[in-house]
Enquirer: 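My structure is below; once you've seen it, I'll send some questions.
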Amino acid sequence: MVKVITYGTYDLLHYGHVRLLERAKALGDYLIVGVTADDFDKTRGKINVQQSLIERIEAVKATGIADEIIVEEYEGQKIDDIKRYDIDIFTVGSDWVGKFEYLNEYCKVVYLERTEGISSSGIRDKNRSQRLGLLGETDFLNKVAAECRYVNGMHVQAVYSDDSEFIPKGLRDYCSNNSDYQGFLDNIDAVYIRSYPDRHYEHIRQALENGKHVLCESPITLSGRQCDELFTLASDNKCILMEAMKTAYATAFSRLILLAKGGRIGDIISVDATCTSLIDSENVYFPTWNSICDWGPTAMLPIFQLLGTDYKSKQIITYLLDSKIRFDGFTKIEFVFNHGVGSIKVGKGVKSEGELIVSGTSGYIYVPAPWWKTDYFEIRYENPVNNKRYFYQLDGEGIRYELVAFLRAIERGKNVFYIDQNISKAIADVIGDFYRDSSSVIIKP
Ligand code: CTP
């Protein structure tokens with residue numbers, strides 16, 4: 001009996017897949033199909049897959065062509081499978097020509113002509129298709145535009161800023177049709193906002209009133225009350241309002257949160273997060289992106305996710321570089337909870353070790369600097385023999401995962417809540433207090 005094996009994602013099964021499977025089967029007597037697991041797809045850069053593993057397996061099964069279906073979960077599994085199942089022929093489409101020569105050592109490798117004119121990416125792109133507008137002043141918009149290329153269905157349509165002279169050079173071609181903010185909104189389905197934080201509220205409100213979905217860089221607003229109001233408006237207008245904070249969408253960070261919540265280090269007693277950077281020439285022009293607005297939300301995220309938002313008291317200690325506009329070069333905040341304590345240190349113009357440490361009653365989690373771009377962390381115990389290291393691939397600093405999550409939320413008509421609304425609100429409240437609360441301690445060098 002000649003045994004054949006082939007692998008693929010088989011998302012939104014199409015006739016290109018079916019033709020491939022038919023010809024693969026015809027190469028022998030028994031066909032095994034390996035369907036790739038979500039995590040494995042992510043590590044090889046496929047982040048857009050729309051259907052779950054089960055749905056994709058069911059679709060392959062329903063063709064009736066496969067004699068057996070297995071799941072492909074790790075790099076190098078093909079060799080294991082070929083040996084384990086005593087495979088004679090390995091086959092895939094011609095888009096992979098040259099990539100699997102190393103398998104010749106174990107079985108025959110056959111590339112089948114790929115069917116022209118159809119692909120899962122193409123179908124996803126057509127099904128989804130959101131015209132995205134970018135709003136803001138910083139070069140970061142260039143990164144978002146570049147990351148959209150990895151997200152099937154998200155197309156940059158227009159770019160706008162209240163201060164048009166600050167629109168990044170690479171994006172000026174997208175500005176021609178936007179006379180004002182309303183004109184910009186008229187041309188798009190969804191907007192990514194990274195305007196000055198004190199203008200977020202107005203920009204979001206107008207976008208939602210026009211029925212546009214919003215992905216807004218943290219902080220969403222400078223007060224929890226405004227935050228609440230906007231979430232209600234989004235829900236009334238059947239729009240998505242999501243907070244953009246790339247760390248929240250990084251796989252390593254979300255696994256870390258799950259492990260900590262699952263009790264791997266016992267009860268969580270303390271969360272300490274530091275995020276700092278020096279002021280580059282760009283920041284000189286953007287005084288509202290001070291330490292607390294630029295870094296505060298990211299630093300507060302693990303505290304609120306792990307200890308909750310119901311803290312009993314907080315103390316803000318700040319070092320102001322410019323007291324008129326309240327530009328803080330450094331701010332430290334201590335949050336006291338009934339069951340633990342959280343502290344953040346954020347700086348724009350003051351540099352420190354950007355690590356995250358979560359301390360528990362049986363061990364601690366250590367994320368080395370820069371923890372906010374994390375692909376790696378360790379769980380450490382009293383006895384180092386028990387220590388564990390975790391690595392999860394992070395592409396594009398997490399921006400592309402954030403965009404995929406935004407698109408999924410739009411498709412499903414509901415937020416996927418990487419960042420809970422309560423947390424968005426708590427972050428906005430703290431930042432509001434930073435500006436209004438006279439009880440902050442001000443230090444001078
Ligand atoms: N395939 C094919 N013809 C197509 C599309 C896919 O022969 N038009 C083959 C691939 O070469 C592979 C198998 O089907 O052997 C599974 O491919 P998969 O990557 O799941 O499908 P794509 O449509 O290529 O997916 P994507 O657009 O996400 O890359």
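These figures come from a predicted structure and were not determined experimentally. Keep in mind that the numbers below use all heavy atoms, side chains included, and drop hydrogens, waters and symmetry copies.
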Enquirer: Does the side chain of E101 pick up a donor-acceptor pair with the side chain of N104 at under 3.5 Å?
Expert: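 There is such a pair between these side chains.
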
Enquirer: Any luck finding a side-chain donor-acceptor pair between Y376 and E378 under 3.5 Å?
Expert: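 Yes, because at least one side-chain N or O of Y376 sits under 3.5 Å from a partner of the opposite role on E378.
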
Enquirer: Is it the case that the side chains of N210 and Q182 hold a donor-acceptor pair, with the cut-off being a distance below 3.5 Å and no angle test?
Expert: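 The criterion, which ignores hydrogens and geometry beyond distance, is satisfied for N210 and Q182.
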
Enquirer: Taking side chain as C-beta onward, heavy atoms only, is S352 less than 4.5 Å from K345?
Expert: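 S352 vs K345: side chains touch.
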
Enquirer: Nearest 0.5 Å please: distance from the CG atom of N48 over to the NZ atom of K42.
Expert: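 NZ of K42 is found 11.5 Å from CG of N48.
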
Enquirer: Any luck finding a side-chain donor-acceptor pair between E243 and S424 under 3.5 Å?
Expert: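 Per modelled atom types, E243 and S424 side chains form a pair under 3.5 Å.
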
Enquirer: Any chance the side chains of W295 and T276 put a donor and an acceptor closer than 3.5 Å?
Expert: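 No pair is found: no donor N or O on one side chain lies under 3.5 Å from an acceptor on the other.
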
Enquirer: Would you indicate whether the side-chain heavy atoms of M245 and L301 approach each other to under 4.5 Å?
Expert: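 They are in side-chain contact.
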
Enquirer: Any chance you could measure I5, atom CD1, to I89, atom CD1, to the nearest 0.5 Å?
Expert: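 Separation between the atoms: 12.0 Å.
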
Enquirer: Give a yes or no on whether the ring-centroid distance for H203 and H200 is below 6.0 angstrom.
Expert: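 Judged by ring-centre distance (under 6.0 Å), H203 and H200 do not meet the cut-off.
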
Enquirer: Looking at D139 and K169, is any side-chain nitrogen of the basic one under 4.0 Å from a carboxylate oxygen of the acidic one?
Expert: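 Judged by the 4.0 Å cut-off on N to carboxylate O distance, K169 and D139 do not form a salt bridge.
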
Enquirer: For A299 versus W371, what's the shortest heavy-atom pair and its separation?
Expert: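 Minimum heavy-atom contact is CA-CZ2, 4.0 Å.
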
Enquirer: Can a donor-acceptor pair be found between the side chains of Y181 and E202 at a distance below 3.5 Å?
Expert: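 Result is no, nothing qualifies.
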
Enquirer: Using atom types as modelled and distance alone, determine if a side-chain donor or acceptor of H213 lies under 3.5 Å from a backbone N or O of L208.
Expert: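 Not a single qualifying donor-acceptor pair exists.
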
Enquirer: Decide, yes or no, whether a salt bridge links K348 with D294 under the criterion of side-chain N to carboxylate O below 4.0 Å.
Expert: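 Judged by the 4.0 Å cut-off on N to carboxylate O distance, K348 and D294 do form a salt bridge.
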
Enquirer: Could you pull out all residues at least two apart from K78 that satisfy salt bridge (charged side-chain N to carboxylate O under 4.0 Å, His left out)?
Expert: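 For K78, the residues satisfying salt bridge (charged side-chain N to carboxylate O under 4.0 Å, His left out) (neighbours in sequence not counted) are E72.
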
Enquirer: Are any of the side-chain nitrogens in D39 or R255 under 4.0 Å away from the carboxylate oxygens of its partner?
Expert: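 Salt bridge flag = yes for R255 with D39.
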
Enquirer: Please determine if R380 forms a cation-pi arrangement with Y364, meaning its NZ or CZ atom is less than 6.0 Å from the six-membered ring centre and no more than 45° off the ring axis.
Expert: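 So R380 doesn't make the cation-pi contact.
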
Enquirer: Under 30°, 30 to 60°, or over 60°: which ring-plane class applies to Y392 and Y390, parallel, tilted or perpendicular?
Expert: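 Rings of Y392 and Y390: parallel, as their planes differ by under 30°.
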
Enquirer: I123 versus S120: any side-chain heavy-atom pair under 4.5 Å?
Expert: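 Side chain of I123 against side chain of S120, heavy atoms only: no contact under 4.5 Å found.
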
Enquirer: Might you confirm whether atom CG of N383 has over 12 heavy atoms from other residues, nucleotides or ligands at distances under 6.0 Å?
Expert: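 Atom CG in N383 is packed in, count exceeds 12.
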
Enquirer: Hey, what do you get for CG (L394) to OG1 (T374), rounding to the nearest 0.5 Å?
Expert: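 So the CG of L394 and the OG1 of T374 are separated by 8.0 Å.
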
Enquirer: Does E137 form a side chain to side chain donor-acceptor pair (under 3.5 Å) with S161? I'd like the steps, not just the answer.
Expert: CA-CA 6 Å; E137 292 76 27; S161 166; 3.0 Å; yes

Enquirer: Are L222 and D198 close enough, and set up right, to give a side chain to side chain contact (heavy atoms under 4.5 Å, CB included), and what steps lead you there?
Expert: CA-CA 7 Å; L222 300 184; D198 54 351; 3.9 Å; yes

Enquirer: Please evaluate residues K3 and D88 with respect to the criterion salt bridge (Lys or Arg N to Asp or Glu O under 4.0 Å), reporting the C-alpha separation (whole Å), side-chain torsions for both, the decisive distance (0.1 Å), and the verdict.
Expert: CA-CA 5 Å; K3 286 179 108 178; D88 301 289; over 6 Å; no

Enquirer: Does R44 come within less than 4.0 Å of D41, counting only side-chain N to carboxylate O?
Expert: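 D41 and R44: salt-bridged.
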
Enquirer: Could you tell me if Y74 and D80 have a donor-acceptor pair between their side chains, going purely by distance under 3.5 Å?
Expert: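 Judged by distance alone, the side chains do pair up.
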
Enquirer: With the side chain counted from C-beta on, respond yes when Y196 and D162 share a heavy-atom pair under 4.5 Å apart, and no when they do not.
Expert: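 Sidechains of D162 and Y196: no contact.
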
Enquirer: Taking atom CZ of R172 as the centre, does the number of heavy atoms from other residues, nucleotides or ligands within less than 6.0 Å exceed 12?
Expert: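 Yes, because the 6.0 Å sphere around CZ of R172 holds more than 12 heavy atoms from other groups.
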
Enquirer: Indicate whether the side chain of T9 and that of K46 have a donor and an acceptor atom separated by less than 3.5 Å.
Expert: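 The criterion, which ignores hydrogens and geometry beyond distance, is satisfied for K46 and T9.
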
Enquirer: Working to the nearest 0.5 angstrom, can you tell me the gap between Y192 OH and C148 SG?
Expert: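 Rounded to the nearest 0.5 Å, the OH-SG separation comes out at 10.0 Å.
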
Enquirer: To the closest 0.5 Å, what do you measure between OG1 (T309) and CZ (F337)?
Expert: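 Rounded to the nearest 0.5 Å, the OG1-CZ separation comes out at 7.5 Å.
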
Enquirer: Check the side chains of E402 and Y418 for a donor-acceptor pair under 3.5 angstrom, ignoring hydrogens and angles.
Expert: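 Checked: Y418/E402 side chains show no N/O donor-acceptor pair below 3.5 Å.
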
Enquirer: I need the L241 CG to T232 OG1 distance, nearest 0.5 Å.
Expert: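 Interatomic distance, L241 CG to T232 OG1, rounded to 0.5 Å: 10.0 Å.
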
Enquirer: For R56 and Y10, does a side-chain donor sit closer than 3.5 Å to a side-chain acceptor?
Expert: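 The criterion, which ignores hydrogens and geometry beyond distance, is not satisfied for Y10 and R56.
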
Enquirer: Filter on salt bridge (Lys or Arg N to Asp or Glu O under 4.0 Å), then keep only pairs touching residues 6-20, sequence neighbours left out; what's left?
Expert: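 The answer is D11-R124.
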
Enquirer: Heavy atoms, side chains only, cut-off 4.5 Å: are C227 and Y201 in contact?
Expert: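 The answer is no, as the side chains (C-beta and beyond) never meet within the 4.5 Å cut-off.
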
Enquirer: Is any side-chain heavy atom of V358 closer than 4.5 Å to one of S270?
Expert: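 No - every pair of side-chain heavy atoms lies 4.5 Å or more apart.
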
Enquirer: Classify the ring geometry between F90 and Y7 as parallel (under 30°), tilted (30 to 60°) or perpendicular (over 60°).
Expert: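 Judged by the thresholds at 30° and 60°, the geometry between F90 and Y7 is tilted.
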
Enquirer: How would you list, by chain and number, every residue that makes a side-chain contact (heavy atoms from CB on, under 4.5 Å) with L258, sequence neighbours excluded?
Expert: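 Checked L258 against side-chain contact (heavy atoms from CB on, under 4.5 Å); zero matches.
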
Enquirer: Mind checking whether F100 and W96 have parallel, tilted or perpendicular rings, split at 30° and 60°?
Expert: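 It falls in the tilted class, 30° to 60°.
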
Enquirer: Are Y249 and Y401 close enough that their ring centers fall under 6.0 Å?
Expert: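 That pair fails the under 6.0 Å test.
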
Enquirer: Quick check on K351: does its NZ atom have over 12 non-hydrogen neighbours (other residues, nucleotides or ligands) under 6.0 Å away?
Expert: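 Yes, enclosed.
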
Enquirer: Surrounding NZ of K212 (heavy atoms of other residues, nucleotides or ligands, distance under 6.0 Å), is the total greater than 12?
Expert: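 More than 12 within 6.0 Å, yes.
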
Enquirer: Do the side chains of L407 and Q130 get nearer than 4.5 Å, heavy atoms only?
Expert: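 Yes. Closest side-chain heavy atoms under 4.5 Å.
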
Enquirer: Would you say L230 and D228 make side-chain contact, with heavy atoms under 4.5 Å?
Expert: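 No, too far: nothing below the 4.5 Å cut-off.
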
Enquirer: May I ask you to say whether R205 pairs ionically with E209, meaning some side-chain N is under 4.0 Å from a carboxylate O?
Expert: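 Here R205 pairs with E209 in a salt bridge, since their nearest N and O are under 4.0 Å apart.
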
Enquirer: Output, in order, the C-alpha distance, side-chain angles, deciding distance and verdict of salt bridge (Lys or Arg N to Asp or Glu O under 4.0 Å) for R84 and D81.
Expert: CA-CA 5 Å; R84 183 180 304 142; D81 289 342; 3.6 Å; yes

